[in-house]
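Working notes for the structure below.
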Amino acid sequence: MTPIAIIMMIVAIVTVWGGLALALINLQRHPEDEGALPEEQAWEL
Amino acid sequence: MSTSSSARPSAPVKRETFSSRRLFILSAIGSAVGLGNIWRFPYIAYDNGGGAFLLPYLAALLTAGIPLLFLDYAVGHKFRGSAPLAYRRLHRAAEPLGWWQVLVCFVIAAYYAVIIAWSLMYTIFSFTEAWGDDAEGFFFGNFLAVAEAPGLGFEFVPSVFFPLLLTWAAVIAIMVAGIRKGISRANAVLLPLLMVMFLLLVVQSLFLPGAADGLNAFFTPDWSALGNPSVWAAAYGHIFFSLSVGYGIMVTYSSYLKRRTDLTGSGMVVAFSNSGFEILAGIGVFAALGFMAQASGAAVGDVVTQGIGLAFIAFPTIVSQAPFGALMGVLFFGSLVFAGVTSLISVLEVIVAAVQDKLGWGRVHASVVVSVLVAAVSLSLFPTATGLYLLDTSDAFVNSFGITLGALVTVVVLAWFLRKLPLLSAHLNRISTIKMRRTWMVLVAGIVPLALIYMVANEFITKISTTYEGYPDWFVGIFGWGMAGGLIVLALVLTFIPWSSRSKAHHDPEYDSVVANEAKETAL
């Protein structure tokens with residue numbers, strides 16, 4: 001492969017997969033907020 | 001559980017939910033990653049500047065794709081309904097938008113399943129390389145038995161009809177099982193399987209002789225392309241189709257999310273996974289095309305194709321020539337099947353959810369009736385000698401004047417006429433980690449409609465100036481223009497049909513309590 005093609009391949013992979021990595025890290029830092037609101041509403045009596 | 005529901009016959013059925021954020025994300029990725037990622041993106045990128053295309057592509061993703069994705073999420077999640085019900089709750093006048101999207105999904109589902117059926121057959125053909133040394137003649141002649149001229153015939157082709165029947169049977173089983181046991185499970189199994197298979201395919205392609213030439217062709221930047229507006233339009237166009245935004249899917253899926261879900265944080269993962277898969281597909285496809293070019297002594301530019309030509313003519317040729325070709329064929333066509341199925345179920349869910357809401361039907365009832373109806377249309381129109389012409393025409397017109405025009409009208413109505421963006425922005429920001437404020441509103445109200453207007457105008461001029469593909473006027477008139485216009489008329493008709501008395505549009509204590517809770521939270 002030519003140097004410029006290799007550089008563009010690396011730039012593409014780093015930006016897109018790097019973006020995915022950042023998005024995953026952000027999500028992991030904010031775990032699902034299960035307790036805040038009862039989703040499964042209690043059965044009515 | 002069944003006894004409690006029979007004891008309280010008047011209690012409405014609770015809306016289904018994804019049991020976790022992870023399953024929603026998997027399902028949304030499954031929907032976004034479809035055939036287009038594999039057979040469309042590589043060609044579009046190559047044709048529009050190669051490596052330089054990354055710039056307009058990322059710009060389109062960040063300024064239009066992701067903002068529009070969040071608009072869909074906000075509508076579905078705030079108003080907790082199928083597309084028609086969610087838009088109706090947003091504003092009564094917006095209901096037809098939802099029906100339009102439902103009808104677009106009906107058309108897409110009918111022909112999308114056909115391509116899955118072809119891929120299924122080609123997975124099997126890969127073992128014996130059934131196409132021999134003439135992949136093109138085999139595909140159009142032996143396999144599809146395509147008629148000489150477009151028309152509407154009922155000469156059924158059994159080799160397509162039966163796999164299509166099988167595809168529909170599998171899909172109906174998933175739909176009937178519901179969000180948790182059907183859609184979530186199917187995605188939790190098929191999506192990881194797709195990733196593994198596709199990675200293996202890419203690795204195998206990279207080891208083929210000539211792979212480096214293919215990658216050179218794909219990644220070498222043509223910087224002058226950045227000065228060409230059509231390249232930027234191609235990037236925006238591709239992003240719209242690739243992310244499955246603007247035709248009800250993401251509205252529907254996000255309506256099954258629990259209340260306190262990080263919408264934008266989840267959406268970023270979905271959007272970048274979709275793009276990550278596309279880049280991977282570009283690498284795999286072009287490595288394989290590089291090999292094909294070398295084997296036939298041609299330049300990479302001479303063998304490059306997309307869509308049906310790439311999947312069913314170029315790839316079979318590669319499978320025949322490559323070492324361990326059968327394995328490569330199974331990985332490639334198997335990937336198409338899995339990517340297709342996870343997208344098809346999301347398209348169908350838009351219709352199922354709308355019927356459930358409008359008529360007050362239960363899950364099983366609605367999904368059986370809807371799936372059987374779409375399957376019947378699909379099975380009677382497409383596995384025929386003239387099916388390919390019909391598929392081509394309906395795909396082209398539903399994309400241009402269903403999805404694109406529909407997205408444009410939706411965005412303009414929401415942003416400019418009903419002025420709901422501040423409300424939706426506030427909803428996104430209640431829980432989400434990545435805040436969508438003024439910039440988001442400017443993008444949704446400004447950049448997105450501008451890009452869509454350009455695309456729709458372009459499509460309109462192209463399709464009005466020459467009859468599509470040179471097909472007969474009556475054929476394009478009925479199945480192209482007529483179909484696209486018919487969807488709009490039918491959307492209005494469906495809006496005027498009253499909602500069933502059992503429908504959630506009239507009585508939905510679950511939604512009412514959510515609204516009350518949100519009002520309380522805002523007041524605090």
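Quick note on labels: first sequence line is chain A, next is B, and so on, each numbered from 1.
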For this session: Please round to the nearest 0.5 Å and tell me the distance separating atom CG of B/N216 and atom CD1 of A/I6.
Result: 7.5 Å
Problem set entry | Name of the residue among B/I434, B/I25, B/T433 meeting side chain to side chain contact (heavy atoms under 4.5 Å, CB included) with A/L27 | B/I25
Exercise. Do you know which two heavy atoms are closest between A/L20 and B/V269, and how far apart they sit?
Worked result: CD1-O, 3.7 Å
For this session: Can you see which heavy atom on B/T220 is nearest to which on A/A5, and at what distance?
Result: OG1-CB, 3.8 Å
Problem set entry | Neighbours of chain A found in residues 280-287 of chain B - heavy atoms under 4.5 Å | B/L280, B/I283
Exercise. Do any N or O atoms from the side chain of A/E32 and from the backbone of B/S20 form a donor-acceptor pair under 3.5 angstrom?
Worked result: no
Exercise. Does CZ belonging to B/R22 count more than 12 external heavy atoms closer than 6.0 Å?
Worked result: no
Exercise. Taking only residues two or more places apart in sequence or in another chain, which ones pass side chain to side chain donor-acceptor pair (under 3.5 Å) with B/D47?
Worked result: none
Problem set entry | Closest contact, heavy atoms only, B/F219 versus A/M8 | O-CB, 3.4 Å
Exercise. What distance separates A/I13 CD1 from B/L54 CG, expressed to the nearest 0.5 Å?
Worked result: 10.5 Å
Exercise. Top residue by heavy-atom pair count (under 4.5 Å) with chain A, among B/G265, B/G51, B/A212, B/G276?
Worked result: B/G276
Problem set entry | Residue B/T261 versus chain A: region with a heavy atom under 4.5 Å | neither
Problem set entry | Heavy atoms of other groups near B/K435 NZ, more than 12 under 6.0 Å | yes
Problem set entry | Partner chain A: residue of B/G50, B/G214, B/P221, B/S275 with the largest heavy-atom pair count (under 4.5 Å) | B/P221
Problem set entry | Value rounded to 0.5 Å, distance of OG in B/S273 from CG in A/L24 | 6.5 Å
Problem set entry | Side chain, backbone, both or neither of B/L215 within contact of chain A (heavy atoms, under 4.5 Å) | both
Exercise. Would you say the side chain of A/V16 lies within less than 4.5 Å of the side chain of B/L58, judging by non-hydrogen atoms?
Worked result: yes
